[in-house]
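Each remark here refers to the structure printed beneath this line.
Keep in mind the model is a prediction, meaning the values are calculated, not measured. In what follows, every chain begins at residue 1, and chains take the letters A, B, ... in the order their sequences are listed.
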Number of protein chains: 4
Amino acid sequence: MKTRVGRPRSEKSREAVLAATHALLGEGGRLTFEAIAKRAGVGKPTIYRWWPSLADIVLEALLSQADAEIKVSRSSSLRDTLQDFLRQSMQAITAGAGTHLRFLMAQAQQDEAFRVRFREKFTAERRKVLRSIFQDAVERGQLDKRQNLDILADMVFGAMWYRLMLGHLPMDELFAGELAETVAKLVQSHAAD
Amino acid sequence: MKTRVGRPRSEKSREAVLAATHALLGEGGRLTFEAIAKRAGVGKPTIYRWWPSLADIVLEALLSQADAEIKVSRSSSLRDTLQDFLRQSMQAITAGAGTHLRFLMAQAQQDEAFRVRFREKFTAERRKVLRSIFQDAVERGQLDKRQNLDILADMVFGAMWYRLMLGHLPMDELFAGELAETVAKLVQSHAAD
Amino acid sequence: MKTRVGRPRSEKSREAVLAATHALLGEGGRLTFEAIAKRAGVGKPTIYRWWPSLADIVLEALLSQADAEIKVSRSSSLRDTLQDFLRQSMQAITAGAGTHLRFLMAQAQQDEAFRVRFREKFTAERRKVLRSIFQDAVERGQLDKRQNLDILADMVFGAMWYRLMLGHLPMDELFAGELAETVAKLVQSHAAD
Amino acid sequence: MKTRVGRPRSEKSREAVLAATHALLGEGGRLTFEAIAKRAGVGKPTIYRWWPSLADIVLEALLSQADAEIKVSRSSSLRDTLQDFLRQSMQAITAGAGTHLRFLMAQAQQDEAFRVRFREKFTAERRKVLRSIFQDAVERGQLDKRQNLDILADMVFGAMWYRLMLGHLPMDELFAGELAETVAKLVQSHAAD
DNA sequence: AACTAAACGAGACGGTACGTCCAGTCTTTAA
DNA sequence: TTAAAGACTGGACGTACCGTCTCGTTTAGTT
């Protein structure tokens with residue numbers, strides 16, 4: 001049988017929880033199950049029934065935002081493609097996702113099980129996109145095929161995360177542009193090998 | 001007046017707190033003021049008197065470890081210098097500092113005031129060292145003087161932090177070596193400009 | 001119309017609920033709707049549909065036991081009749097009804113509406129029996145007709161309940177016998193008036 | 001050493017808890033730790049630290065009332081002494097203690113450990129008083145020395161508790177008087193033996 | 001034989017209170 | 001005057017049940 005018996009899960013409650021989480025994160029206060037339940041007009045057990053941790057709620061809230069999607073425009077230039085990708089990422093971060101991301105990465109340090117889910121549901125997807133951008137460059141002969149693409153991806157995402165989390169320098173389009181450019185130079189050098 | 005009156009601060013208590021913090025972090029349990037106080041045989045108010053937050057205790061515990069110091073051997077090759085620097089960093093992380101670092105960065109996301117202190121007392125120092133390594137390369141003509149060194153530092157430290165915090169790939173000497181090599185290639189390409 | 005349309009009440013469920021209640025009370029654990037529903041294999045709403053409170057279930061479980069009935073053997077001696085009545089009561093209590101009774105009286109303290117139902121369905125019936133025993137004695141001239149029989153009934157039932165609930169002294173046949181005897185002496189004294 | 005170190009227990013909190021409990025019981029609402037903590041302006045852990053159950057708080061609240069004390073005026077007549085004792089008890093009950101007593105006895109049915117404390121701290125004391133009244137009568141030859149005084153005490157206290165908890169007939173001075181008189185008659189009969 | 005309507009099991013819902021942990025503060029005695 | 005010990009208020013935790021609700025299913029009597 002397909003349909004389970006019993007009262008079905010309330011879609012309304014699910015959305016209320018995600019919306020409340022969104023709002024609370026934006027307001028800067030401490031995010032707690034209690035506050036979410038109150039704001040969403042939902043019972044605490046309902047939240048515990050469906051999400052194993054605060055971080056999982058935030059992750060779902062992040063993923064449920066349609067505008068979180070990034071459309072990569074594949075141009076023939078690695079530099080332009082990368083710049084577009086990083087600028088879009090940057091915009092999403094400064095538009096609000098930054099708070100979610102910082103929360104998620106912090107929680108991942110305190111909850112090993114969540115760290116695995118975070119990798120699988122979020123960062124692995126993001127890495128896949130960046131990797132395919134690099135793969136294209138390899139195939140066009142713009143990037144040395146001996147280059148470890150994981151290292152390259154770690155450098156690019158790492159720079160973004162590091163600046164986001166440490167806050168020592170601004171997260172802006174200039175940074176995204178320069179980052180793309182620096183990597184692009186590396187690409188050219190490899191082509192010259 | 002120089003010497004304050006009254007009972008002086010107990011150096012023994014200070015060390016007991018740092019040792020307890022060290023031990024608790026290593027055991028993987030949740031780090032709390034209560035647990036530290038109990039383990040150190042010290043009253044909670046004593047801890048609150050001397051440290052503004054858990055993270056500050058951990059930071060002091062980290063800095064008080066003599067072996068946390070990294071001695072950079074300046075060779076004429078950027079690649080070798082970098083490799084030495086990154087390998088030493090990696091060793092410190094895998095030897096135990098990794099837990100401290102992850103905790104500190106996580107706390108910095110939840111405590112803006114601590115984030116500032118963390119930058120000033122720890123990451124700024126580390127960046128200074130890496131920056132001087134790059135500066136040497138610029139002066140030797142191995143690195144394009146137009147290259148933004150902050151971006152470069154963000155990429156190197158970022159890759160390390162990103163992998164440490166996400167745990168998607170191993171933190172090992174191979175990684176440190178390949179990371180140094182990738183940056184060194186970039187350097188060579190710039191020299192060729 | 002007499003026979004209502006639709007599915008009739010399930011006698012099987014009713015009995016399963018009473019049996020589960022019986023079992024759970026005997027096991028000493030806390031009695032809850034949830035536990036009864038689970039044990040009886042019955043939905044919670046089914047229970048709420050037919051019983052207004054836990055206490056009402058327990059009351060019905062108690063009354064549905066055929067062996068809970070007490071047959072009074074009316075002898076010409078008040079003392080013997082009373083002793084038979086109290087000994088039978090005592091046996092029912094020690095055989096298991098004691099747990100039910102304690103639960104019911106406790107609930108009656110927290111639920112005024114149930115207290116009324118408890119009186120009407122249970123204690124009033126029991127008082128009626130004892131009262132008729134006393135009435136017989138009055139008619140035989142063994143008991144002063146000016147004696148307030150309610151007071152007398154309160155003393156007899158009160159002593160039983162008090163000892164059952166407080167547990168300071170054993171609930172046994174000796175107690176039942178001595179209680180009957182003490183009342184019987186009172187009776188004789190009145191006859192002597 | 002006599003005086004313990006550390007902050008001493010707050011007498012103010014203790015009194016606030018007892019006062020809040022008193023007030024809440026009087027208002028008829030359900031008595032909970034949460035409500036007491038809120039009303040008393042006290043943290044829940046403070047209550048849990050000092051009292052093992054709600055019933056223990058109510059018991060302490062009851063015992064802390066100076067007016068709960070009953071002074072027995074020993075006259076030469078058992079009947080008068082008893083009547084005085086029971087009337088005072090009745091007055092205390094109707095004046096407010098009745099709510100406490102009903103709550104305590106109900107809780108004693110659900111918490112075996114408390115039932116023991118309740119017996120030791122409250123009912124044993126009350127029984128001691130009544131027993132000494134009967135003992136006096138025995139010594140004066142007004143009461144058969146073979147009479148089991150425990151049974152007698154169970155009948156008197158039982159009648160009071162039974163009527164209080166069941167509520168089938170009024171708790172008033174008339175009841176107290178008639179109860180005393182009925183027992184007194186029994187006494188006379190024994191003297192006549 | 002198909003239809004109607006109520007009762008059924010299952011289980012999710014909003015909610016209250018539980019009993020606990022820890023935060024951060026306060027009050028006392030000891031050093 | 002500071003340290004230690006430990007009790008304090010208070011907030012959130014995660015859980016157990018409450019009493020209600022919404023499903024799809026079952027079971028009679030009615031058409």
Point to revise | Spacing of B:Gln107 atom CD relative to E:dA23 atom C1', expressed in whole Å | key: 13 Å
**Study point:** F:dA3 phosphate, OP1 or OP2, under 4.0 Å from B:Thr46 side-chain N/O
**Key:** no
Practice item. Could you tell me whether the side chains of A:Gln65 and A:His100 share a donor-acceptor contact shorter than 3.5 Å? Key: no
Review point. Separation of C:Gln110 atom CD from F:dC17 atom P, in whole Å?
Key: 16 Å
**Study point:** Contact under 4.0 Å: B:Ser13 side-chain N or O vs F:dA4 OP1/OP2
**Key:** yes
Exercise for review: Indicate whether OP1 or OP2 belonging to F:dA3 is found under 4.0 Å from a side-chain N or O atom of B:Trp50.
Suggested key: yes
Check your understanding: Should B:Arg117 and B:Glu120 count as an ion pair when the cut-off is N to O under 4.0 Å?
Key -> no
Exercise for review: Determine, for A:Trp161 and B:Arg102, whether the Lys NZ or Arg CZ falls below 6.0 Å from the six-membered ring centre while staying within 45 degrees of the axis.
Suggested key: no
Exercise for review: Take A:Leu54 and C:Leu54, find for each the nucleotide of DNA chain F with the closest heavy atom, and name the residue whose nucleotide sits nearer the 5' end.
Suggested key: A:Leu54
Review point. Roughly, in whole Å, what's the span from CD1 in C:Ile47 to P in E:dA10?
Key: 12 Å
**Study point:** Protein-nucleotide distance (A:Tyr48, atom OH; E:dG14, atom P), rounded to Å
**Key:** 15 Å
Practice item. Kindly indicate whether the side chain of B:Lys44 and the base of E:dG24 share any N or O donor-acceptor pair separated by less than 3.5 Å? Key: yes
Check your understanding: Pick the nucleotide of DNA chain F nearest each of C:Pro45 and A:Leu31; which residue has the one closer to the 5' end?
Key -> A:Leu31
Practice item. Rounded to the nearest angstrom, tell me the gap between atom CZ in B:Arg30 and atom P in F:dA12. Key: 14 Å
Practice item. Could you say whether A:Arg7 or B:Glu34 is positioned toward the 5' end of DNA chain E, judged by the nucleotide with the nearest heavy atom to each? Key: A:Arg7
Revision key, fill the gap. Here the distance between atom P of F:dT9 and atom CD1 of D:Ile36, to the nearest Å, is 14 Å
Check your understanding: Between E:dC18 atom P and D:Trp51 atom CH2, what is the distance in whole Å?
Key -> 15 Å
Point to revise | Test: D:Glu11 and D:Arg14 ion pair at under 4.0 Å | key: yes
Practice item. Calculate the interatomic distance between D:Glu11 atom CD and E:dT28 atom C1'; express it in whole Å. Key: 16 Å
**Study point:** Minimum heavy-atom distance between D:Asp56 and D:Pro52, given as atom pair plus value
**Key:** OD2-CG, 3.4 Å
Check your understanding: With a 4.0 Å cut-off on heavy atoms, is D:Arg49 in touch with a base, just the backbone sugar-phosphate, or nothing at all?
Key -> base
**Study point:** Comparing D:Pro8 and C:Arg14 on DNA chain E - which has the more 5′ nearest nucleotide
**Key:** C:Arg14
Review point. Base, sugar-phosphate, or nothing for B:Phe33, non-hydrogen atoms under 4.0 angstrom?
Key: sugar-phosphate
